[in-house]
There are 2 protein chains.
Amino acid sequence: MEKTIIELEDTAKTLKLLGDKTRLTIIGLLKDSECCVCEFVEVLQMSQPSVSQHLRKLRDAGLVKEQRRGQWIFYSLNAQHETYPIIQQILEQIPDQKEKLRALEEAGLRIQCDL
Amino acid sequence: MEKTIIELEDTAKTLKLLGDKTRLTIIGLLKDSECCVCEFVEVLQMSQPSVSQHLRKLRDAGLVKEQRRGQWIFYSLNAQHETYPIIQQILEQIPDQKEKLRALEEAGLRIQCDL
DNA sequence: TCAGTGTATAAGTATATACTTATATTTGCA
DNA sequence: TGCAAATATAAGTATATACTTATACACTGA
């Protein structure tokens, strides 16, 4: 396995961001597929502004990327980030979030975007 | 590798604790050997109460253990904690802290306790 | 061009956090 | 027994955080 040592302070910043139930769940959801804001709102059962603010923190830190497609903005993990290896390790240690996405799909709330 | 899935919320709590430069350094130091409070104070260049308060948080969460030996209280990683595997993964991703302990030793500030 | 949907941002507020200084507790030793 | 060293705890304070509600912005389709 390739091994790049990241500054301890950078690691601390990433861990701090992931040290929040909401954001850790967001990252967990993104492990399986990209998602748009309204999907997070539905899964997390939180207000839209609150979700947006969490996403902004993750984006500002570079942990996630955003991509607009029509009226939706899709978020995905940024595999280029220096702390991505740590995120991957953490993702292996938490319960899979796929189930929540599948429930969304069954409820007809999954966004399908062909743009 | 054995694989125990830990509740996402428990993981978030551990990450939150490690998402602080001081505490992450403490954990990094404990990777190599147990340490007593005055050693942390020296390495971290922080006040003793501040260090004690960080150690208390780590201990309250069960991430570290304490053991009194004479007038010193030694701290060590708690390998029994459910999130210990995550901590190990993180420790592999941060710069080694051994150097700091060696510097302490050379300065004659390493505590040797035979109790 | 306008209304509706999805998303971001701003401002306010309550709580959490990480220090500080002061003091208490425990142990070792003269 | 009493003082010094190591550590913990308490109380105070400034800053950070995570919500809330209100509003702005961007895109879609009629």
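Below, chains carry the letters A, B, ... as their sequence lines are ordered, and counting in each starts from 1. Just the heavy atoms: all of them, side chains too, but no hydrogens, waters or symmetry mates, feed the values below.
- You'll find the side chain of Ile90(B) reaches within 4.5 Å of the side chain of Leu24(B), heavy atoms only.
- For the atom pair Glu39(B) CD and Glu105(B) CD, the distance stands at 9.0 Å (nearest 0.5 Å).
- Atom pair Trp72(B):CH2 and dG28(C):P shows a separation of 9 Å (rounding to whole Å applied).
- Taking CG from Asp32(B) and NZ from Lys98(B), the interatomic distance works out to 4.5 Å, rounded to the nearest 0.5 Å.
- Between dT7(C) and Arg69(A), no contact under 4.0 Å exists linking OP1 or OP2 to a side-chain N or O.
- Closest approach of Gln97(A) to Gly28(A), counting heavy atoms only: CG-C, 3.6 Å.
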Given the rule in the salt bridge (charged side-chain N to carboxylate O under 4.0 Å, His left out) test, do Arg102(B) and Glu99(B) qualify, once you have shown the distances and angles that lead to the verdict?
CA-CA 5 Å; Arg102(B) 214 161 54 75; Glu99(B) 194 49 45; 3.1 Å; yes
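- One interatomic measurement links the two molecules: CZ of Arg68(A) to C1' of dG6(C), which rounds to 8 Å at whole-angstrom precision.
- Only Cys36(B), Val37(B), Cys38(B), listed by number, bring a heavy atom of residues 13-47 of chain B to less than 4.0 angstrom from any atom of DNA chain D.
- Side-chain nitrogen and oxygen atoms of Tyr75(B) include at least one within less than 4.0 Å of the OP1 or OP2 phosphate oxygen of dA8(D).
- When distances run from any side-chain atom of Glu66(A) to the nucleotides dT5(C), dT7(C), dA8(C), the shortest one goes to dA8(C).
- What separates CD of Gln71(A) from P of dC27(D) is a distance of 11 Å, to the nearest Å.
- Put simply, CG on Asp60(B) is 11 Å from P on dA8(D), counting in whole angstrom units.
- One finds the CD1 atom of Ile87(A) at 7.0 Å from the NE2 atom of His81(A) (value rounded to the nearest 0.5 Å).
- As rounded to whole Å, 13 Å separates atom P of dT7(C) from atom CD of Gln67(A).
- Environment of CD in Glu9(A): sparse, with no more than 12 heavy atoms of neighbouring residues, nucleotides or ligands closer than 6.0 Å.
- Within the 4.5 Å cutoff, no side-chain heavy atoms of Gln93(A) are placed close to those of Thr11(B).
- Contacts between residues 48-57 of chain A and DNA chain C, defined by a heavy-atom separation below 4.0 Å, involve Gln48(A), Pro49(A), Ser52(A), Gln53(A), Arg56(A), listed by number.
- Atom CD1 of Ile73(B) and atom C1' of dT7(D) are 5 Å apart (whole Å).
- No more than 12 heavy atoms of other residues, nucleotides or ligands shown are found within 6.0 angstrom of NZ on Lys21(A).
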